[in-house]
Student: 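The structure that follows is given in the form of C-alpha cells.
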Protein chains: 2
Amino acid sequence: MNNYTEILRQHNLKATPQRLEITNALYLNGHMSIERLYEIMLKKFSSISLATIYKNINLMLEASFIQEVKIPDAKSVYELTKEAHAHVICSECGEIVDIELNLDSVVSNAAKLSNYKINKSDLILSGTCKNCQ
Amino acid sequence: MNNYTEILRQHNLKATPQRLEITNALYLNGHMSIERLYEIMLKKFSSISLATIYKNINLMLEASFIQEVKIPDAKSVYELTKEAHAHVICSECGEIVDIELNLDSVVSNAAKLSNYKINKSDLILSGTCKNCQ
DNA sequence: CTCTGTGCAAAGCGTTTGCAAACGA
DNA sequence: TCGTTTGCAAACGCTTTGCACAGAG
C-alpha cells in the first residue's frame with residue numbers, strides 16, 4: 001500500500017481525503033488534465049468544487065510534489081514528480097508514455113552551443129502509438 | 001529586403017499592413033508573447049485591436065506560417081516556422097536562444113523504447129544565460 | 001467590385017479569489 | 001482548539017465572436 005499521507009505531509013500538505021484522492025488518481029493514471037481529474041474526483045466526492053482541484057494542484061506544484069507537462073496542441077497534464085524522463089505522445093489518441101532517455105550528451109552539447117548553464121530539460125516527442133498506426 | 005508579402009500569400013494569407021508588421025516583428029525578435037507583440041504593434045498601429053492580433057496569430061498557426069513554443073512556468077511565445085531546432089531558456093531574464101541539435105539517435109532510441117512512430121520533437125532546455133550567471 | 005480583414009464591444013471560458021462552515025492535527 | 005481546507009459564488013483575465021466599416025486583390 002502507498003502511504004501518501006506521509007508523503008503529502010513531507011511536502012507540508014495536510015492529508016485531506018481530497019488530496020489523497022488526487023494523488024491516487026495521478027498515481028493510477030500517470031498523467032491527467034484538470035478536466036479529467038475533476039471527472040474522476042466527482043465519482044468519489046460528488047460535491048467537490050473545481051476550485052478545490054485548482055487550489056490543490058497549485059499547492060502541489062509549488063511544493064514540487066507534482067509537475068505540469070505542457071503538450072503541443074493539447075491541454076496541459078499533471079503528473080507526480082519522479083526521476084527525469086521524456087514524454088512520447090500519440091497525436092491520434094492522446095496517449096502519453098514516459099521513457100527514460102539519457103540526454104547528457106545532448107545537454108552538454110546544448111550548453112556549449114548556447115553558453116548557458118543548463119539545469120533542466122523537457123523533451124516531448126509526438127507521433128503515433130502502436131494501436132493508432 | 002524581405003518580401004513577406006509573397007510568403008504570406010503562399011500561405012493563403014492576404015498581405016495586410018498589420019500582418020506584414022507581425023511578421024516583421026517576429027523576424028526581428030525571434031520569439032514573442034502575445035502581450036509583447038501587442039505592445040510592439042501599438043507603436044505602428046496605434047488603434048490596433050488585440051482581437052486582430054489573436055485572429056492573425058491563429059490564422060498563421062493554422063497555415064503553419066508560425067509556431068507556438070510552450071515554455072515551462074512562462075507564457076507561450078510564437079516564432080516564424082523554420083528548420084527544427086531546440087530552445088534554451090534563461091529562467092532569470094527569460095531570454096530564448098535557438099540551437100541546432102541533432103536528435104536523430106535520441107529519437108530513434110525513443111521510438112524503440114515506446115513503440116511509437118515519432119514525427120516531431122520539442123526540446124526545451126532551461127538554465128541560466130551568460131549574463132545572468 | 002467582391003470578399004476578406006480590421007477594430008470595437010460583448011460574450012465566453014478557464015482559473016482565481018473571498019468568505020463562512022467544516023475539518024485535520 | 002487553532003490554523004488550514006473545502007465548497008460556493010463572484011470576480012478575473014485572456015481569448016473568441018459578431019458586426020459594420022475599411023481595405024486588398
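Reminder, nothing fancy here: chain letters follow the sequence lines and each chain counts from 1.
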Student: Going by modelled atom types, is there a donor-acceptor pair between the base of D/dG13 and the side chain of B/K75 at under 3.5 Å?
Tutor: no

Student: Looking only at heavy atoms, which two atoms of A/Y116 and B/I96 are closest? And how far apart?
Tutor: OH-N, 4.4 Å

Student: Side chains of B/E79 and B/D98, heavy atoms from C-beta outward: is any pair under 4.5 Å?
Tutor: yes

Student: Are B/Q18 and C/dG7 close enough that a side-chain N or O sits under 4.0 Å from OP1 or OP2?
Tutor: yes

Student: Take atom NZ of A/K14 and atom C1' of C/dA22, then tell me their distance rounded to the nearest Å.
Tutor: 11 Å

Student: With nearest nucleotide decided by heavy atoms, which residue, B/A51 or B/T16, maps closer to the 5′ end of DNA chain D?
Tutor: B/A51

Student: Report yes if a side-chain nitrogen or oxygen of A/S47 is closer than 4.0 Å to either non-bridging phosphate oxygen (OP1 or OP2) of D/dT6; otherwise report no.
Tutor: no

Student: Return the nearest nucleotide to the side chain of B/K55; candidates are C/dG24, D/dG18, D/dG23.
Tutor: D/dG18

Student: Taking for each residue the nucleotide of DNA chain C with the nearest heavy atom, is it A/N58 or A/A15 whose nucleotide lies nearer the 5' end?
Tutor: A/N58

Student: Please report, rounded to the nearest Å, how far the C1' atom of C/dG5 is from the CG atom of B/L20.
Tutor: 13 Å

Student: Round to a whole Å and report the spacing from CD of A/E62 to P of C/dT16.
Tutor: 10 Å

Student: Should A/T52 be listed as having a side-chain N or O under 4.0 Å from OP1 or OP2 of D/dG7?
Tutor: yes

Student: If the cut-off is 4.0 Å, is B/N56 near the phosphate of C/dT6, judged by side-chain N/O to OP1 or OP2?
Tutor: yes

Student: CD1 of A/I48 versus P of D/dT5: gap in Å, rounded?
Tutor: 14 Å

Student: Roughly how far, to the nearest 0.5 Å, is CD of A/Q67 from OG of A/S76?
Tutor: 12.5 Å

Student: Just the rounded figure in Å: distance from P of C/dG24 to CG of A/L8.
Tutor: 13 Å

Student: The side chain of B/R19 is closest to which nucleotide in this list: C/dA25, C/dT6, D/dG7?
Tutor: C/dT6

Student: Taking CD1 from B/I53 and P from C/dG5, how many angstroms apart are they, rounded to a whole number?
Tutor: 15 Å

Student: Taking A/T128's backbone N and O only, do any of them form a donor-acceptor pair with A/Q133's side chain (distance below 3.5 Å, no angle check)?
Tutor: yes

Student: Strictly below 4.0 Å: does A/R9 bring a side-chain N or O up to OP1 or OP2 of C/dG24?
Tutor: no

Student: Using a 3.5 Å distance criterion without hydrogens, assess whether the side chain of A/R9 forms a donor-acceptor pair with backbone atoms of A/A15.
Tutor: no

